[in-house]
Amino acid sequence: MSQPAAKKIQAIRGMNDLLPGDSPRWQFFEGKVRQLMARYGFDEIRTPIVEQTALFARSIGEVTDIVEKEMYTFEDRNGDSLTLRPEGTASCVRAAMEHGLLHNQTQRLWYQGPMFRHERPQKGRYRQFHQVGVETYGFEGPDVDAEVILLSARLWQELGLTQHVTLELNSLGSAEARAAYRETLVDYFEQHREILDEDSLRRLSSNPLRILDSKNPAMAEMLENAPRLMDHLDQESREHFEQLKTMLDAAGIHYVINPRLVRGLDYYCRTVFEWTTQALGSQGTVCAGGRYDGLVEQLGGKPTPAVGFAMGIERLILLLDTLQLVPEEALGGCDVYLLPMDEAATLTALTLAEQLRSQLPELRLQLHCGGGSFKSRMKKADKSGATIALLIGEDERQTDAVTLKFLREEREQQRHPQAALPERLQDLIA
RNA sequence: GUGGAUGUAGCUCAGUGGUAGAGCCCCGGAUUGUGGCUCCGGUGGUCGUGGGUUCGAUCCCCAUCAUCCACCCCA
């Protein structure tokens with residue numbers, strides 16, 4: 001029985017397939033990250049992508065856009081409210097607390113994986129996107145702030161991005177100072193309510209600090225006279241910030257102080273920073289983080305200082321791509337394409353391929369499969385990206401030999417006894 | 001969530017109110033055992049989807065889905 005044409009099923013909006021052509025870039029980037037984390041003494045942590053909804057509501061802030069309208073929240077079969085994680089910090093804190101990692105000890109952790117936010121997709125902004133994040137717990141001083149910033153700076157160095165990113169820096173003060181300033185600011189804005197535009201009125205309850213960033217000329221004068229965050233920093237935060245700047249100066253890291261830099265998530269305090277680029281249009285923030293000393297306590301743990309950041313992998317890959325910074329050799333492919341020239345040579349080729357793979361574990365060898373004319377076999381050898389083709393036909397089979405042909409250079413082809421191949425290939429590939 | 005642009009072959013794109021084309025890719029041949037260059041031939045399309053107007057719609061209208069850009073927000 002013929003069925004009516006099934007409705008075409010496609011990927012969920014804003015959720016992308018990573019195709020074979022893309023994955024080498026990701027592996028290149030992920031490899032750099034993995035190496036770097038080890039060099040800085042950070043350990044990887046992996047947590048589930050689903051958590052109880054309350055975890056995010058409590059940590060990110062009830063009135064943030066993320067919690068109010070961007071979370072993938074659904075009911076489990078038993079009625080619990082679950083949420084696909086919109087960011088990594090909350091899960092990290094939860095896991096660390098749950099397993100006693102914060103009990104009288106410090107931690108330097110990193111994670112990597114998919115996050116989910118129901119936003120309108122755009123270039124560099126997707127509903128399922130991927131972050132690499134760093135979390136430190138138990139370090140109070142500005143040295144660890146500097147450490148995580150230096151780590152990120154070194155990653156740009158490794159990737160060749162240093163010239164294309166800018167570090168913006170600010171301090172929000174202690175949680176108390178920030179909260180107090182926020183109140184002062186809201187009071188001030190309330191007094192000038194008639195000047196506020198629609199956007200700002202909305203931000204008044206969600207993110208009043210953002211109002212300072214408004215470009216509306218009608219509000220410029222009023223904003224000019226608004227109370228300043230820097231004047232409301234507590235003494236300790238002020239010193240913390242100064243010390244951090246001294247450390248970054250000493251390490252030769254350039255930064256721009258941006259007093260309007262405000263992280264959207266409620267849990268941030270004191271140091272906040274952002275790495276931005278001009279090369280990606282309006283989605284220019286490539287890495288952002290800061291200090292969240294109050295978060296562990298807020299989630300029911302003991303007061304624990306914490307610093308971290310998250311970076312958007314899609315945005316970084318996009319950046320690497322537009323700047324053509326992924327090296328050719330990172331783009332995959334294989335070294336050798338082994339092809340039987342006719343059907344009769346299939347078995348010989350297959351067993352030889354397996355032998356070579358046993359003898360040369362580093363060798364990337366693709367065996368021709370699928371038959372076809374000799375011409376098409378050669379075409380596939382070319383397409384495979386291999387530098388060397390190994391051919392086995394009637395002549396070779398009768399003498400236990402193999403023809404070795406160079407695909408990427410003008411060089412006479414050779415014929416070798418099969419037994420001599422491992423040594424020969426070893427030389428050529430190395 | 002708001003505003004705008006765009007959906008035609010696997011990819012990049014032309015095109016017309018009378019049921020479609022190029023380049024690349026793929027396959028075959030010129031070249032019985034030598035890919036990349038050249039030449040010749042071939043496969044491949046419910047013109048995003050669903051309605052409407054019309055004798056007739058890929059084209060006009062409406063809706064819907066998706067992508068892109070900006071806003072918002074964020075990594």
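Values reported hereafter were calculated over all heavy atoms of this structure, with side chains retained and with hydrogens, waters and symmetry mates removed. Every chain is numbered from 1, with letters handed out A, B, ... down the list of sequences.
One can place CD of A/E70 at 10 Å from P of B/C73, the figure rounded to the nearest angstrom. Taking atom CD of A/E198 as the reference point, atom P of B/G1 lies 17 Å away to the nearest angstrom. Look at CG on A/L390: it is 17 Å from P on B/G35, rounded to the nearest Å. Between the CG atom of A/L316 and the C1' atom of B/C74 there is a distance of 14 Å, given to the nearest Å. The NZ-C1' distance, from A/K375 to B/G42, rounds to 15 Å in whole Å. Distance, A/L209 CG to B/C72 P: 17 Å, rounded to whole Å. Straight-line distance from the CG atom of A/D395 to the C1' atom of B/U32: 13 Å, rounded to whole Å. Across the protein-nucleic acid pair, A/R85 atom CZ and B/A75 atom P stand 15 Å apart, rounded to whole Å.
B/C47 sits 16 Å from B/C11 when the P atoms are compared, rounded to a whole Å. For B/U64 and B/U6, the C1' atoms lie 16 Å apart once the distance is rounded to whole Å. For the C1' atoms, the distance from B/U54 to B/U12 is 34 Å, rounded to whole Å. Nucleotides B/A57 and B/U49, compared at atom C1', are 15 Å apart to the nearest Å. B/C61 and B/A20: their C1' atoms are spaced 23 Å apart (whole Å). Comparing the same atom, C1', in B/U31 and in B/G36 gives a spacing of 15 Å after rounding to whole Å. Nucleotides B/G23 and B/C39 are separated by 11 Å at their P atoms, to the nearest Å. Comparing the same atom, P, in B/A9 and in B/U46 gives a spacing of 9 Å after rounding to whole Å.
As judged by a 4.0 angstrom heavy-atom cut-off over every strand, A/E409 is placed among residues making no nucleic acid contact. Counting any heavy atom pair closer than 4.0 Å across all strands shown, A/E87 reaches no nucleic acid atom. Nucleic acid contact for A/E314: none, since no nucleic acid atom lies under 4.0 Å from a heavy atom of the residue. Heavy atoms of A/G14 sit under 4.0 angstrom from primed sugar atoms or phosphate atoms, though from no base atom. The residue A/A288 sits close only to the backbone: its heavy atoms come under 4.0 Å of sugar-phosphate atoms, none of a base. Note on A/Q283: a base of the nucleic acid sits closer than 4.0 angstrom, heavy atoms only. At a threshold of 4.0 angstrom between heavy atoms, the contacts of A/Y337 with the nucleic acid are absent. As judged by a 4.0 angstrom heavy-atom cut-off over every strand, A/G124 is placed among the base-contacting residues. Note on A/R377: nothing from the nucleic acid sits closer than 4.0 angstrom, heavy atoms only.
Of the two residues contacting RNA chain B, namely A/D65 and A/R13, the nearest-nucleotide position lying further toward the 5' end is that of A/R13. The residue among A/K123 and A/A11 whose nearest nucleotide of RNA chain B lies closer to the 5′ end is A/A11.
A/R315 contributes a side-chain N or O that forms a donor-acceptor pair with the base of B/C74 under 3.5 Å. A donor-acceptor contact under 3.5 Å is formed by the side chain of A/R125 with the base of B/C72. Interface remark: the A/R202 side chain does not form any donor-acceptor pair with the B/G1 base, using a distance-only criterion of under 3.5 Å. With hydrogens and angles ignored, a donor-acceptor pair closer than 3.5 Å exists between the side chain of A/D382 and the base of B/G35.
Residue A/R203 places at least one side-chain N or O closer than 4.0 Å to OP1 or OP2 of B/C73. Close to B/C71, at under 4.0 Å from its OP1 or OP2, lies a side-chain N or O of A/S282. Remark: A/S373 is in phosphate contact with B/G28, judged by side-chain N or O atoms under 4.0 Å from OP1 or OP2. Distances shown here put every side-chain N or O of A/K69 at or beyond 4.0 Å from the OP1 or OP2 atom of B/C74. Contact annotation: A/Q10 side-chain N/O to B/C65 OP1/OP2 distance is not under 4.0 Å.
Minimum heavy-atom separation, A/T304 to A/G138: CG2-N, 3.6 Å. Residues A/E135 and A/F42 approach most closely at O-CE2, 4.4 Å, considering heavy atoms.
More than 12 heavy atoms of other residues, nucleotides or ligands sit less than 6.0 Å from atom CD of A/Q413. Counting heavy atoms of neighbouring residues, nucleotides and ligands inside a 6.0 Å radius, atom CG of A/L347 does not exceed 12 of them. Around CZ of A/R228, the count of heavy atoms belonging to other residues, nucleotides or ligands within 6.0 Å does not exceed 12.
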Ring pair (Phe, Tyr, Trp, His ring centres under 6.0 Å) between A/H164 and A/W156: does it pass, once the steps are laid out? CA-CA 9 Å; A/H164 306 276; A/W156 314 144; over 10 Å; no
Given salt bridge (charged side-chain N to carboxylate O under 4.0 Å, His left out), test A/E119 with A/K69 step by step and report yes or no. CA-CA 8 Å; A/E119 298 179 274; A/K69 49 194 192 204; over 6 Å; no
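When both pairing distances are held under 3.5 Å, B/U16 makes no Watson-Crick or G-U pair with any nucleotide shown. Nucleotide B/C39 is matched to B/G29 when pairs are restricted to Watson-Crick or G-U wobble geometry with both distances under 3.5 angstrom. Base pairing analysis places B/C71 opposite B/G1; the two distances defining the Watson-Crick or G-U wobble pair are each below 3.5 Å. Across all strands shown, B/U53 remains unpaired; no Watson-Crick or G-U wobble contact has both distances below 3.5 Å.
A salt bridge links A/E44 with A/R34: the closest approach of a Lys/Arg side-chain nitrogen to an acidic carboxylate oxygen falls below 4.0 angstrom.
Judged by distance alone, the side chains of A/Q366 and A/S384 never bring a donor and an acceptor atom under 3.5 Å apart.
B/A75 has A/F129 stacked on its base ring, the centres lying under 5.5 angstrom apart and the planes within 30 degrees of parallel.
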